[in-house]
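Reading through the structure tokens given below for one structure.
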Amino acid sequence: IDDSVQNKNITLDDIFISVKTTKHYQYTRLPIILKTWFQLAKKQIWFFTDIENRQHQNQTNGHMVNTNCSASHQRKHLCCKMSVEYDHFLESGKKWFCHFDDDNYVNIPRLVVALQKYNHQEDWYLGRTSVNEPVQIYKKPTNELMFSFWFATGGAGFCISRSLALKMLPVASGGRFISICEKIRLPDDVSMGFIIEHLMKKNLTLVNEFHSHLEQMKLLPPESFREQISFSYAKAKDEWNVVDVPGFDTRYDPSRFLSLHCFLFPQFKFCPR
Ligand code: UDP
Ligand code: MN
């Protein structure tokens, strides 16, 4: 595959963008997304949550999917959401499945351009690893290495081509993804890596423009913001791990996502001019 050949046929409408969210974040994280990058892909973004909220349903034109998965951070329930996200993608008929967390900022135009480099009719698993070594599975009790695999960290976002998603259908569709999570006892994003790398024998392709809060966000230079696909934020004790971007007061915009959005898209109504 020649990466320099751009598949200009891919447009925003070929991408199914799923955002995992939950009851606990409906009035904190979700409103930031709705105000910013959701506005750039209202028809393509779907939220996967665990609660009914009439106001959000109206604001998104019915794009809030109540997964009926429990509102908890337990592996089983997070895998439940990923499973529903994947099934909805299959149903959508779109060419690309891109998953993000609700503490991501997605640079929508850049996501589209990035996917134009790859052919959705080939098998692609694009993302960023969270650790510098693959997951290693050992046999008990001899501690013999059985196999290892890489996975794309869900907190940075990842994309899967339709071709690959269809190959996973026998093992992952219709809720079977949850069974795999339970069998291997690993989180949803790790289970995705297990299915793709170990079962499908397709390798993760590293795309460094995806970012999670496992990295230090302030190390991203503003000159590069336009080239990045995703950003994140986190608060540990009193310390915020956020993008260093000029803009609104930190009390008004602690995540810095409103400021980041105005940095990238200054024409938005809420941006200062
Ligand atoms: N999340 C969820 N249910 C929960 C807790 C979290 O669906 O009970 C989602 C949350 O909305 C986010 C992702 O899981 O999209 C990661 O959550 P968080 O950022 O709180 O934790 P992290 O894994 O990044 O430490
Ligand atoms: Mn997070």
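When a ligand or atom number is given, it counts from 1 through the structure's own listing order. Predicted, not measured: the structure shown is a model, and the values here were computed from it. Residue numbers start at 1 and run along the sequence shown.
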> Would the Phe151 and Phe194 ring centres measure less than 6.0 Å apart?
Replying inline: no
> So, does Gly155 sit close enough to ligand 1 that a heavy atom of it is under 4.0 Å from the ligand?
Replying inline: no
> Got a sec: is Asp103 within less than 2.8 Å of the Mn ion (ligand 2) via an N/O/S atom?
Replying inline: yes
> Considering only the protein, which heavy-atom contact is closest to atom 14 (O) of ligand 1, and what is its distance?
Replying inline: Lys20 CE, 3.3 Å
> Do Asp103 and His213 pass the side-chain hydrogen bond (donor to acceptor under 3.5 Å, both in side chains) test, and can you show the C-alpha distance, the side-chain angles, and the key distance before you say yes or no?
Replying inline: CA-CA 9 Å; Asp103 51 3; His213 54 67; 3.3 Å; yes
> How far is atom 16 (C) of ligand 1 from its nearest protein heavy atom, and which residue and atom is that?
Replying inline: Asp101 OD2, 3.5 Å
>> Under a 4.0 angstrom heavy-atom cut-off, which atoms of ligand 1 come close to Asp103?
In response: 19 (O)
> His77 near ligand 1, heavy-atom distance under 4.0 Å?
Replying inline: no
>> Which residue and atom name correspond to the protein heavy atom nearest atom 8 (O) of ligand 1, and how close is it?
In response: Ser72 C, 2.8 Å
>> If we set the cut-off at 4.0 Å for heavy atoms, which region of His24 has an atom near ligand 1: side chain, backbone, both, or neither?
In response: neither
>> Could you check whether Asp123 and Tyr118, counting side-chain N and O atoms only, form a donor-acceptor pair closer than 3.5 Å?
In response: no
>> I'd like to check whether Asp50 has a polar contact with ligand 1, where a contact means an N/O of the residue lying under 3.5 Å from an N/O of the ligand.
In response: no
> Of the protein's non-hydrogen atoms, which lies at the shortest distance from atom 12 (C) of ligand 1, and what is that distance?
Replying inline: Asp102 OD1, 3.2 Å
>> Can you report which non-hydrogen protein atom sits closest to atom 24 (O) of ligand 1, along with the distance?
In response: His213 NE2, 3.0 Å
>> What I'd like to find out is whether the side chain of Ser232 reaches to under 4.5 Å of the side chain of His211, using heavy atoms alone.
In response: no
> Are any non-hydrogen side-chain atoms of His88 and Phe97 less than 4.5 angstrom apart?
Replying inline: no
> Do Phe248 and Cys262 touch side chain to side chain, with heavy atoms closer than 4.5 Å?
Replying inline: yes
>> My understanding is that only one of Phe147, Phe149, Tyr125 makes a ring pair (Phe, Tyr, Trp, His ring centres under 6.0 Å) with His198; could you say which?
In response: Phe147
> Looking at atom 5 (C) of ligand 1, what's its closest protein heavy atom, distance included?
Replying inline: His73 ND1, 3.0 Å
> atom 7 (O) of ligand 1: which protein heavy atom is closest, and how many Å away?
Replying inline: Lys81 NZ, 2.7 Å
> Under the criterion ring pair (Phe, Tyr, Trp, His ring centres under 6.0 Å), which of Tyr105, Phe100, Phe47, Trp46 is the partner of Phe38?
Replying inline: Phe47
>> For the residue pair Arg29 and Phe257, would you count it as a cation-pi contact if the rule is NZ or CZ under 6.0 angstrom from the ring centre and within 45 degrees of the ring axis?
In response: no
>> Using a 4.0 Å cutoff against the non-hydrogen atoms of Thr21, which atoms of ligand 1 qualify?
In response: 7 (O), 11 (O)
> Are the side chains of Asn107 and Phe265 in touch, meaning some heavy atoms are under 4.5 Å apart?
Replying inline: yes
> How far is atom 2 (C) of ligand 1 from its nearest protein heavy atom, and which residue and atom is that?
Replying inline: Leu78 CD2, 3.4 Å
